[in-house]
Amino acid sequence: MSDKDAILSLDSLSVRLPGGADRSHALSEVSLDIASNEILCVVGESGSGKSMMANAVMRLLPNEVTIDGGKVLFESRDLCAASISEMREVRGAGIAMIFQEPMTALNPLRTIGDQIAEMFSIHTDLSKSEIAEKVLALLADVHIPDPKVAAKAYPHELSGGQRQRAMIAMALALDPKLLIADEPTTALDVTTQAQILKLIRELQQRRRTAVMFITHDFGVVAEIADRVVVMQHGVIVEQGKAADVLNRPQHAYTRQLIAAVPPLKAPPPRTLSAENILTIADVSKTYRTGGFLGRGARVTPAVRNVSLSLPRGATLGIVGESGSGKSTLARCLVRLIDPDAGSIVLEGRDWAKMPREKVRQETRHIQMVFQDPFASLNPRRKAAELVAQGPIVHGTPRATAIADAKELFALVGLDPSSADRYPHEFSGGQRQRIGLARALALKPAVLVADEPVSALDVSVQAQVLKLLAELRQRLGLSIVFITHDLRVAAQICDLVAVMKDGEVVEHGLSGEVFGNPQHAYTRALLASIPGGDFTRQRDATESAEA
């Protein structure tokens, strides 16, 4: 591609980190081009420099992180030399950005419509009525139901997928020439993810916008990319047309990332115990939010008459979209919330009817690993103290609990000498291992894992899944595994239950559910997996070669 065809060109761009960093540069002489009406996927794990590159283009780098060399040419204009006021004109109107977490990026105190309208009030001379019309048109353009209602809603009143659509509407408000999408689908369930990917492709083709799409998932790359750039440790290790990189990867790191995408086919079934360690019968939970004197009250049935069983030493996967009731059921199982009806029998005792005082005494038998390890770990306490906290509460002497915590660090693949660090000093995958060690500290019979790998890179995800399988085998754990990623469920779960609107619509052995789904909803979930055709083709090729 010649420079004159490119909307954006990075020419030997280098970004220097502060003096105390592990390496001196976040980016080292990165060069790439993006043309109009093209989707370029930038792929790599956390720390590869993907987001730092996007922030360098937007000139939104953290303090003390500086552009150390090279050029960022946007329509032949070097943004590295642009003033702050010039960059304000470029942002939004020339280059717009969709951030990974819309709940963090959106102002919780302002309505969605007001935040989109701000783009027009700052950059145009349109009247209030004209701006209001444009806001509604944009919300309709990104397929948000009932734009008038959505415009008056606050971010917390929309679903994750709707918030992401609102972010896309805001980014597209001023018809930018370049759209940077930084991991916009990572935390979304498969059907919402498929809708967002389809929407970005549709809008890009209609508006002929150039898109830089940042992701760690080669399934997403297979779904949306025209060209691909693969980054590792701040350096581009491979780039080319999507079909070439996907089907004929040249660099070992690219091959590693592609191989880490879990296959859709479940492994051969294991022999399961005839004894059930956990039996769930007719469990229901309804959320009620009260209005004044009953007016405006909302009643949401989150879990409806769910009945499942977990054989001793097995893994039961619970899959479904956001809002299907998976996490509510998980919280009922560990009694973080109380079910309204039904029984939860754990090793002969009805957990659902147990008094609160007794639950605290018996909680060592069932423990939970949470989705976000950073949010669930106290940032003011060292990792060893976090892991030892449970045993200390249950009567283990502090010195013994700390020593046991360091042994658990080794068990989950962490260096015991790092146990004196704080959570922020670990990577995402390492924090998830700390969360796992904390849950294992009380030697539970059942582990409830709520989306434990959804925010992790594919290779780190593969490592954590392998670790869970090894711990299940070594410690005789029984696991309830909550996930929206069907590829992950296929690999680790012996049994799978598919939930929709609080009900289990299908359940059985993983191989049977994924190989021959009976319910239309299960088939819709499988069809929505990003890059599903690519993954099936890869798996078939590997099977033929084997």
Side-chain angles (χ1 to χ4, degrees), residues 186-187 262 277-278 310 313-320 322 326-337 344 346 351 359 362-379 381 383-391 393-394 404-405 407-414 419 423 426-457 460-485 488-489 491-497:
T186 296
I277 191 171
L278 178 69
L310 173 64
T315 299
L316 168 65
I318 301 177
V319 303
S322 298
K326 310 185 302 296
S327 292
T328 296
L329 179 60
R331 283 161 172 71
C332 286
L333 294 182
V334 297
R335 284 294 297 275
L336 284 177
I337 57 176
I344 301 169
L346 174 63
W351 196 250
V359 167
E362 299 294 326
T363 190
R364 65 170 56 244
H365 298 291
I366 183 167
Q367 287 288 298
M368 192 164 184
V369 181
F370 296 92
Q371 177 174 359
D372 186 343
F374 197 64
S376 62
L377 297 174
N378 188 333
R381 304 188 69 171
E385 295 173 350
L386 292 168
V387 174
Q389 186 176 15
V393 167
H394 284 270
D404 290 344
E407 290 183 10
L408 280 168
F409 261 58
L411 182 67
V412 299
L414 292 171
F426 294 89
S427 69
Q430 288 172 328
R431 285 195 291 265
Q432 196 58 281
R433 289 170 186 262
I434 294 170
L436 188 54
R438 180 177 61 176
L440 294 173
L442 288 168
K443 300 176 182 174
V446 174
L447 192 68
V448 179
D450 186 11
E451 300 274 13
V453 297
S454 64
L456 302 179
D457 299 320
V460 179
Q461 185 182 83
Q463 294 166 12
V464 173
L465 292 176
K466 182 181 179 183
L467 173 63
L468 278 171
E470 290 173 352
L471 293 172
R472 177 182 65 187
Q473 186 73 23
R474 190 185 314 177
L475 305 178
L477 278 175
S478 306
I479 301 174
V480 178
F481 193 94
I482 314 291
T483 184
H484 65 251
D485 191 330
V488 167
Q491 295 315 296
I492 196 169
C493 300
D494 300 297
L495 302 159
V496 171

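In this chain, residues are counted from 1 in sequence order.
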Self-check item: From CA spacing to verdict: side-chain contact (heavy atoms from CB on, under 4.5 Å), Asn378, Gln389
Solution: CA-CA 11 Å; Asn378 188 333; Gln389 186 176 15; over 6 Å; no
Exercise. Answer yes or no: does atom CD of Glu470 have more than 12 heavy-atom neighbours from other residues, nucleotides or ligands under 6.0 Å?
Key: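 Yes, the 6.0 Å shell around CD holds more than 12 heavy atoms from other groups.
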[X] (side chain) donor-acceptor with [Y] (main chain) under 3.5 angstrom:
X      : Y      : value
Arg381 : Leu386 : no
Gln367 : Thr363 : yes
Arg331 : Leu336 : no
Lys326 : Val319 : no

Sequence neighbours excluded, which residues qualify as side chain to side chain donor-acceptor pair (under 3.5 Å) partners of [X]?
X      : value
Thr328 : Tyr287
Thr315 : Arg472
Gln430 : Ser427

Practice problem: Could you tell me which residues satisfy side chain to side chain contact (heavy atoms under 4.5 Å, CB included) with Ile366, sequence neighbours excluded, listed by chain and number? | Solution: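 Side chain to side chain contact (heavy atoms under 4.5 Å, CB included) list for Ile366, sorted by chain: Leu333, Val334, Leu346, Trp351, Val446, Val448.
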Quiz prompt | Residues which pass side chain to side chain contact (heavy atoms under 4.5 Å, CB included) with Ala388, listed by chain and number, not counting sequence neighbours | solution =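 Applying side chain to side chain contact (heavy atoms under 4.5 Å, CB included) to Ala388 gives Ile392, Ala401, Ile402, Ala405.
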Quiz prompt | Contact check, side chains of Ile434 and Phe409, non-hydrogen atoms, under 4.5 Å | solution =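 SC-SC contact between Ile434 and Phe409 confirmed.
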Quiz item: Taking the side chain as C-beta and beyond, is there a heavy-atom pair between Phe481 and Leu465 under 4.5 Å?
Solution: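 Counting from C-beta outward, Phe481 and Leu465 do come under 4.5 Å.
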Practice problem: Evaluate the side-chain contact (heavy atoms from CB on, under 4.5 Å) criterion for residues Val480 and Leu447: first the C-alpha distance (whole Å), next the side-chain angles of each, then the deciding distance (0.1 Å), finally the verdict. | Solution: CA-CA 6 Å; Val480 178; Leu447 192 68; over 6 Å; no
Quiz item: Does Asp404 have any salt bridge (Lys or Arg N to Asp or Glu O under 4.0 Å) partners at least two apart in sequence or in another chain, and if so, which?
Solution: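 Asp404: no salt bridge (Lys or Arg N to Asp or Glu O under 4.0 Å) contacts found.
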Quiz item: Who are the salt bridge (Lys or Arg N to Asp or Glu O under 4.0 Å) partners of Glu407, not counting sequence neighbours?
Solution: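 In terms of salt bridge (Lys or Arg N to Asp or Glu O under 4.0 Å), with neighbours along the sequence ignored, Glu407 is linked to no residue.
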Exercise. Any chance you could measure Leu468, atom CG, to Gln432, atom CD, to the nearest 0.5 Å?
Key: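 Here the interatomic distance stands at 8.5 Å.
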Quiz item: So how far is it from Arg431 CZ to Arg433 CZ, rounded to the nearest 0.5 Å?
Solution: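 With rounding to 0.5 Å, CZ (Arg431) is 13.5 Å from CZ (Arg433).
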Exercise answer: donor-acceptor pairs, residues 436-445 side-chain atoms, under 3.5 Å, sequence neighbours excluded:
{"residue": "Arg438", "atom": "NH1", "partner": "Ser376", "partner atom": "O", "Å": "3.0"}
{"residue": "Arg438", "atom": "NH2", "partner": "Ser376", "partner atom": "O", "Å": "3.2"}

If you take all heavy atoms of [X] and [Y], which pair is closest and at what distance?
X      : Y      : result
Leu310 : Ile479 : CD1-O, 3.7 Å
Pro423 : Leu377 : CG-CB, 4.0 Å
Val496 : Leu316 : N-CD1, 4.4 Å
Ile492 : Ala469 : CD1-N, 4.5 Å
Leu467 : Val412 : CD2-O, 3.4 Å

